[in-house]
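A quick write-up on the structure given underneath.
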Amino acid sequence: MAMTITKLHDHVGAEIGGVDLSRPLDEATFAAIEEAFYQNSVLVVRGQDLPPERQIAFSQRFGPLEIHILDQYQLAGHPEILLLSNKTDADGKPLGLVEAGRYWHTDVSFTEVPSMGSFLYAVEIPPAGGDTLFASQFAAYDALPQAWKERFASLKALHGLNKTTAPKFTDAQLASVKGVEHPLIRTHPMTGRKALYAGTFALKVLGVSDAESDEILTFLRDHWAQDDIVYRHRWQANDLVMWDNRSVLHCATLFDAQYIRHMHRTTVAGEKPV
């Protein structure tokens with residue numbers, strides 16, 4: 001069966017069909033997937049049988065993998081995989097992150113060199129709820145009034161964590177995360193397109209007064225996830241969804257906690273935003 005690429009939204013998201021990621025891909029097929037990833041920012045591949053070794057191997061085709069700071073939620077024997085799960089062990093201790101990312105963010109932007117991409121595989125999902133929302137930050141930038149584009153062009157924001165955005169972090173893990181500066185507008189290294197780069201981890205705009213920083217962040221919170229630039233992914237078991245942290249924000253949604261939501265995430269290392 002030939003591979004297919006079907007757009008899911010005008011601004012963000014495409015579905016890849018006709019591939020089996022449990023098997024190694026030839027160079028031409030992988031190159032087409034990689035190009036679709038850069039152009040659509042979010043790719044969905046349904047119906048995949050991905051044991052941890054194969055998820056890791058496929059993710060590594062995009063670059064070196066990161067080990068997440070929340071090492072207490074690693075999959076045993078596979079530190080490259082972060083568990084997003086409401087399952088518990090025999091002592092009632094959470095196996096993974098339960099309430100991860102229920103706010104608009106780009107993964108680990110609070111680090112000096114944030115991740116390039118995140119690859120999330122659905123092992124078990126609830127019958128309803130638990131969707132993930134993705135907002136194109138290419139489209140968010142394109143929709144900015146020209147005056148705001150010019151205003152943001154030279155501005156940077158301080159990205160960091162606190163107990164509100166990182167409740168599962170231990171005190172030691174929080175202390176290890178120092179605030180870092182990133183541009184409010186970044187240029188994608190593969191496409192050359194400009195994208196807003198903020199999200200909830202952007203705590204303060206630098207080089208302006210506190211009042212102006214508050215004004216800018218308030219504006220951005222109203223702007224970066226308008227309905228017409230958001231794709232809602234409704235999960236099915238055995239979905240693999242991969243997203244480009246350099247060009248989208250994402251946000252998890254609620255689900256009924258009586259049901260299991262158990263997922264495996266790999267993360268590809270990125271580059272310093274410019």
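To the nearest 0.5 Å, atom NZ of residue K156 and atom NZ of residue K204 are 15.0 Å apart. Atom OH of Y121 is separated from atom CD of Q55 by 8.0 Å, given to the nearest 0.5 angstrom. For the atom pair CG of L25 and CZ of R61, the computed distance is 6.0 Å after rounding to the nearest 0.5 Å. For the atom pair L82 CG and L84 CG, the distance stands at 5.5 Å (nearest 0.5 Å). For the atom pair CG of L203 and CG of L161, the computed distance is 8.0 Å after rounding to the nearest 0.5 Å. Here the straight-line distance linking atom CZ of R193 with atom CD of Q137 works out to 11.5 Å at 0.5 Å rounding.
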Decide yes or no on side chain to side chain donor-acceptor pair (under 3.5 Å) for H11 and D142, but give the supporting numbers first. CA-CA 11 Å; H11 297 294; D142 291 344; over 6 Å; no

CA sep, side-chain torsions, deciding dist, call: L50, L21, side chain to side chain contact (heavy atoms under 4.5 Å, CB included): CA-CA 7 Å; L50 276 186; L21 300 183; 3.9 Å; yes

Evaluate the side chain to side chain contact (heavy atoms under 4.5 Å, CB included) criterion for residues T253 and T132: first the C-alpha distance (whole Å), next the side-chain angles of each, then the deciding distance (0.1 Å), finally the verdict. CA-CA 6 Å; T253 63; T132 304; over 6 Å; no

Take S213 and D210 through the side chain to side chain donor-acceptor pair (under 3.5 Å) test and state the conclusion after the steps. CA-CA 5 Å; S213 172; D210 288 348; 6.0 Å; no

Before you tell me yes or no, could you show the steps for M263 and L83 under side chain to side chain contact (heavy atoms under 4.5 Å, CB included), namely the whole-Å CA-CA distance, both residues' side-chain angles and the distance that decides it to 0.1 Å? CA-CA 6 Å; M263 314 182 95; L83 292 177; over 6 Å; no

Test log, rule side chain to side chain donor-acceptor pair (under 3.5 Å), inputs S115 and N245: CA-CA 7 Å; S115 61; N245 283 297; 3.2 Å; yes

When you look at F62 and F30, which way does the side chain to side chain contact (heavy atoms under 4.5 Å, CB included) test go after all the steps? CA-CA 9 Å; F62 289 82; F30 177 75; 3.4 Å; yes

Could you walk me through whether K93 and D91 pass salt bridge (charged side-chain N to carboxylate O under 4.0 Å, His left out), step by step? CA-CA 5 Å; K93 194 175 174 182; D91 297 322; over 6 Å; no

Between D256 and Q258, does a side chain to side chain donor-acceptor pair (under 3.5 Å) hold up when you go through it step by step? CA-CA 6 Å; D256 189 334; Q258 71 174 304; 2.8 Å; yes

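In this structure, F119 and F58 have perpendicular ring planes: the angle between them is above 60°, well past the 30° mark. Under the 30°/60° scheme for interplanar angles, the aromatic rings of H233 and Y231 are found to be tilted.
Proximity of F152 to L196: side-chain heavy atoms (C-beta onward) are separated by under 4.5 Å at one or more points. In this structure, the side chains of L155 and L206 stay at 4.5 Å or more apart for every pair of heavy atoms. Side-chain contact between T267 and R265 is present, with heavy atoms from C-beta onward closer than 4.5 Å. By the 4.5 Å heavy-atom criterion applied to side chains, I56 and E53 are not counted as neighbours. Looking only at side-chain heavy atoms (C-beta outward), L144 and F219 come within less than 4.5 Å of each other. When side chains are defined from C-beta on, I16 does not count as touching V44, because their heavy atoms never get closer than 4.5 Å. For the pair I81 and Q74, the minimum side-chain heavy-atom distance is 4.5 Å or more. No side-chain heavy atom of T88 sits under 4.5 Å from any side-chain heavy atom of L95.
A side-chain donor from one of S109 and H159 sits under 3.5 Å from a side-chain acceptor of the other. Of the N and O atoms on the side chains of Y259 and N86, not one donor lies less than 3.5 Å from an acceptor on the other residue.
Taking a cutoff of 4.0 Å between a charged side-chain nitrogen and a carboxylate oxygen, K272 and E112 qualify as a salt bridge. Note on R151 versus E215: salt bridge recorded, some NZ/NE/NH1/NH2 to OD/OE distance being below 4.0 Å. With respect to the salt-bridge test (charged N to carboxylate O, under 4.0 angstrom), the residues K7 and E15 do not qualify.
Nearest heavy-atom pair across A135 and V230 is CB-CG2, 3.9 Å. Closest of all the heavy-atom pairs between P52 and H264 is CG-CE1, 4.3 Å. Between G129 and P126, the closest heavy-atom pair is O-CG, 3.9 Å. Across H182 and P114, no two heavy atoms sit closer than the pair NE2-CG, 3.7 Å. The minimum heavy-atom distance linking H262 with S85 is given by the pair ND1-OG, 2.6 Å. Nearest approach of P94 to Y73, heavy atoms of both residues: O-CE2, 4.0 Å.
Residues V205 and F201 do not share a hydrophobic cluster, defined by chaining ILVMFWY side chains whose heavy atoms lie under 4.5 Å apart. In terms of hydrophobic clustering, with Ile, Leu, Val, Met, Phe, Trp and Tyr side chains grouped at heavy-atom distances under 4.5 Å, L158 and L184 are assigned to different clusters. Hydrophobic clustering, with ILVMFWY side chains joined whenever heavy atoms are under 4.5 angstrom apart, keeps V113 apart from I67. L65 and L70 fall into different hydrophobic clusters, where Ile, Leu, Val, Met, Phe, Trp and Tyr residues are linked whenever their side-chain heavy atoms come under 4.5 Å apart, directly or through other members. By the rule that hydrophobic residues join a cluster once side-chain heavy atoms approach within less than 4.5 Å of another member, F138 and I229 end up as members of separate clusters.
A distance-only check finds no donor-acceptor pair linking the side chain of R186 to the backbone of K194 [under 3.5 Å]. A donor-acceptor pair under 3.5 Å links the side-chain atoms of T200 to the main chain of W104, judged by distance alone. With hydrogens and angles ignored, the 3.5 Å screen pairs no side-chain donor or acceptor of Q48 with any backbone N or O of D239. Not a single donor-acceptor pair under 3.5 Å links the side chain of N40 to the backbone N or O of V42. Side-chain N or O atoms of H78 include none that pairs as donor or acceptor with a backbone N or O of E80 at under 3.5 Å. Distance alone, capped at 3.5 Å, places no donor-acceptor pair between the H105 side chain and the D107 backbone.
Just one of F37, Y38, F134 meets the ring-ring contact (aromatic ring centres under 6.0 Å, His included) condition when paired with W243; it is F134.
With a 6.0 Å cutoff to the six-membered ring centre and a 45° limit on the axis angle, K149 counts as a cation-pi contact of Y141.
For D227, the CG atom is loosely surrounded, since the number of other residues' heavy atoms within 6.0 Å does not exceed 12.
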